[in-house]
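First up is the structure itself, then whatever we jot down about it.
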Amino acid sequence: MKASHLFYPTLREVPSEAEIVSHKLLLRAGFIRKTSAGVYSYLPLARRVLRKIETIVREEMDKAGGQEVLMPIIQPRELWEKSGRWSVYGDEMFRLQDRHKRDFALGPTHEEIITTLVNAEVHSYRQLPLMLYQIQNKYRDEIRPRFGLMRGREFIMKDLYSFDEDDAGLSIAYQKMYAAYCNIYDRLNLKYRVVEADSGAIGGNESHEFMVLAESGECTVLYCDRCDYAANVEKAECYTPADVAPAEDLKPREKIHTPGLRTIQDLVVSLGIPENRQVKTLMYWADGELAAVVMRGDRDVNEIKLKNALKCNQLFMADENMVRQQCGAGFGSLGPVQLGARVYMDQEVARMANFSCGANQDDYHFINVNPGRDFVPDGVFDLRNAVAGDLCPVCGGTLAALRGIEVGHIFKLGTKYSDALEATYRNAAGEEKPMVMGCYGIGISRTMAAAVEQNNDSDGIIWPLPIAPYQIIIIPVNAKKADQMQAAEDIYRQLSSEGWEVILDDRDERAGVKFKDADLIGIPSKITIGPKALQENQVEVKKRWEGGSRFIPIEGISAKVREIIGPQLSTTK
RNA sequence: CGGGGUGUGGCGCAGUUUGGUAGCGCGUCUGGUUUGGGACCAGAAAGUCGCAGGUUCGAAUCCUGUCACCCCGACCA
């Protein structure tokens, strides 16, 4: 491709809307343009990258036994009523009406469609197992779209759905997908980790997330330094050794006057009580009932764990006025001792002794409170977020934390959707059984952003070779010099004919401009044709991902290029 | 939805407090000089100041309403 014809409008300045590096660079390098909040156009360079990611994903899905389909984006309300998700999905679903005022949704996901399809066509165990997948746009009216492609309202996603006779079949499918996903991220050349995850609203039991590691990641990943335990912070268990008892004598409880002191920090500052000797009490509204969560002062509540522990459907922070009515004190003065609500205690608190907490009376706190003696909780669970430094729940090693971008997520769904949508089959014994399902997603457009997030420098993007929009860019230093252009054309034709994807920057720009653009758009290797080297029939080859360059003779350039850049990749458009 | 902020040539911004009919840098176009890391000189084009109403002799500027976008939070691939 000649740069003079390539549509890649680069920007010198960063559009003010961009916050994170992938968003800034994809805009600046002419890969994407925004149409509306969370909705983007993909320009030619981006299209090529997306296609390469898709190709790798497709190859691995096919290899694992998947078959590609294409399904409607516009989906009728009835389908979503059947699964019960028309109301559950709420405002996050884009909804529209046709001319007859019939309701439709823009598909946020395709469980309903695919299950209905399979239900209609699959009736016998002889037709199972079955793995179908699609790569297409999905729509979620996010509360707050942000970070460019990272959290869009329209995004490209691969979803594969597996249908099996039983749990054993599902496990096989799940393992195949797990392996396929590892292959995919290996082939994409991205640094990632697989973590245990909560399966959330989609349902099911076992679930793993694939996290591309990057500073700007929205997820916190905890992993063990000794074994291969790794989990999303939402899921990571906090391991509390059972044998550790409080190592101090219990002191008598005292009520102290603490005018105006409301926060953990207030008590640290005014009374010198460290955060980890305090307990905080947070009030939740769980399925219409007030629930207090009691936790060490420096910890954060994990609402997913809480929701799972209480087995409730709806959970949100309680309103202060309501709490005051029922408990007699405001948020900053609550404690588990004789509280007018059910008390759920984080397991860590059981190991604490002589801590301080609110006295359920404004401007008063207790000190030297002890669980068991001063109050008995209605339940003790693991309710806090794990943090770096915690003990590994598997081997007792130490957990460390990393930031990650969730680019893939695999679930065992079980029979949740097949029950709701009556996707059944006849087994060998002639019995009617629900199919056992799994679903496996990869954010394609998000993966592109994640790749940039992980691979960039102050000059721009550094595409991993397997997904680079082009692999080589040829830059004649001066487009007006016929000998340079001639050499550039020759090399361009030769490398292109050998299957390399090459840009020839034939624009009549100064060398600096061409170098800057080449670096910005992140082409992995650059061949510069300058006057001095050309006299000796040489050109300069430079890799985007490392400093330094080398001069090589034009004669026999293909072999040299292969040697320097790497073997020609099989990935096709 | 709550809190904060911004809308002014393609991009980044100033001007708004104190009303007088729009300016800077980058980019674009023309000509010339340049040519190994975002050149220089000369000239030019391009803006209903987000939109609608109002106040005023006069509104980018004041008032009312409205829309869009960004950031923080609750939610999520």
Side-chain angles (χ1 to χ4, degrees), chain A residues 9-20 23-24 27-28 30 33-39 88-93 108-110 137-159 197-202 207-212 217-219 232 234 284 301 303-304 307 314-317 404-411 439-447 449-450 458-460 475-481 484 505 507-520 526 528-534 539-540 542 549 551:
Chain A
T10 57
L11 303 171
R12 287 196 184 190
E13 284 167 297
V14 189
S16 57
E17 69 193 48
E19 188 73 8
I20 62 168
H23 191 193
K24 287 178 182 169
L27 282 169
R28 279 194 61 206
R33 286 294 183 262
K34 184 174 70 180
T35 297
S36 147
V39 181
V88 173
Y89 236 101
D91 292 335
E92 206 175 298
M93 194 150 68
T109 175
H110 283 71
N137 279 353
K138 307 232 171 178
Y139 297 83
R140 291 185 198 170
D141 194 359
E142 290 286 345
I143 296 172
R144 186 149 90 84
R146 61 181 132 176
F147 299 148
L149 298 187
M150 228 37 113
R151 179 168 303 283
R153 296 196 294 172
E154 176 180 81
F155 53 97
I156 304 170
M157 179 116 172
K158 185 281 308 182
D159 258 321
D198 187 87
S199 42
I202 298 185
S207 172
H208 286 89
E209 286 169 342
F210 288 72
M211 298 280 192
V212 166
E218 289 187 271
C219 306
N232 188 323
E234 291 173 357
Y284 282 88
V301 174
E303 293 192 3
I304 290 169
K307 208 167 170 177
Q314 281 200 317
L315 182 78
F316 43 89
M317 298 289 288
I405 299 163
E406 182 185 351
V407 289
H409 201 160
I410 58 179
F411 298 88
C439 87
Y440 316 86
I442 285 183
I444 302 284
S445 42
R446 180 183 277 187
T447 295
S458 58
D459 290 318
I475 300 180
V477 164
N478 188 336
K480 287 211 174 86
K481 297 282 193 243
Q484 288 179 31
D505 197 341
R507 296 174 303 167
D508 184 16
E509 291 284 355
R510 296 173 66 88
V513 172
K514 294 192 268 196
F515 290 141
K516 287 288 184 192
D517 272 344
D519 288 348
L520 181 59
K526 191 161 55 195
T528 306
I529 295 158
K532 276 179 241 116
L534 190 58
V539 294
E540 181 186 10
K542 199 167 185 177
S549 63
F551 288 89

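These numbers come from the heavy atoms of this one structure, side chains and all, not from hydrogens, waters or symmetry mates. Letters A, B, ... mirror the listed sequences (proteins, then strands); counts begin at 1.
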Detail all sub-3.5 Å separations between protein N/O atoms and N/O atoms belonging to nucleotides 2-8 of chain B.
none

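Toward the 5′ end of RNA chain B lies the nearest nucleotide of A:Ala18, the other residue of the pair A:Ala18 and A:Glu234 mapping further downstream.
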- Message: Return a single string for nucleotides 34-39 of chain B, one symbol per nucleotide in 5' to 3' order, where B is base contact, S is sugar-phosphate-only contact and - is none, cutoff 4.0 angstrom on heavy atoms.
- Response: BBBBBB
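Across all strands shown, nothing is found opposite B:rG37 as a Watson-Crick or G-U wobble partner with both distances under 3.5 Å. Base pairing of B:rG23: its partner is B:rC13, meeting the Watson-Crick or G-U wobble criterion (both donor-acceptor distances under 3.5 Å). Using N1 to N3 plus N6-O4 or O6-N4 for Watson-Crick, or N1-O2 and O6-N3 for G-U wobble, each under 3.5 Å, B:rA68 pairs with B:rU6.
Residues meeting the salt bridge (charged side-chain N to carboxylate O under 4.0 Å, His left out) test with A:Arg153, sequence neighbours left out: A:Asp141. Qualifying side chain to side chain donor-acceptor pair (under 3.5 Å) partners for A:Asp505, counting only residues two or more places apart in sequence or in other chains: A:Arg507. By the side chain to side chain donor-acceptor pair (under 3.5 Å) test, A:Glu19 is found to be paired with no residue, residues two or more places apart in sequence or in another chain being considered. In this structure A:Glu509 satisfies the side chain to side chain donor-acceptor pair (under 3.5 Å) test with no other residue, sequence neighbours excluded.
One can place CZ of A:Arg146 at 6 Å from P of B:rC72, the figure rounded to the nearest angstrom. Following rounding to the nearest Å, A:Arg140 (CZ) and B:rC75 (C1') show an atom-to-atom distance of 12 Å. As rounded to whole Å, 16 Å separates atom C1' of B:rA74 from atom CG of A:Asp141.
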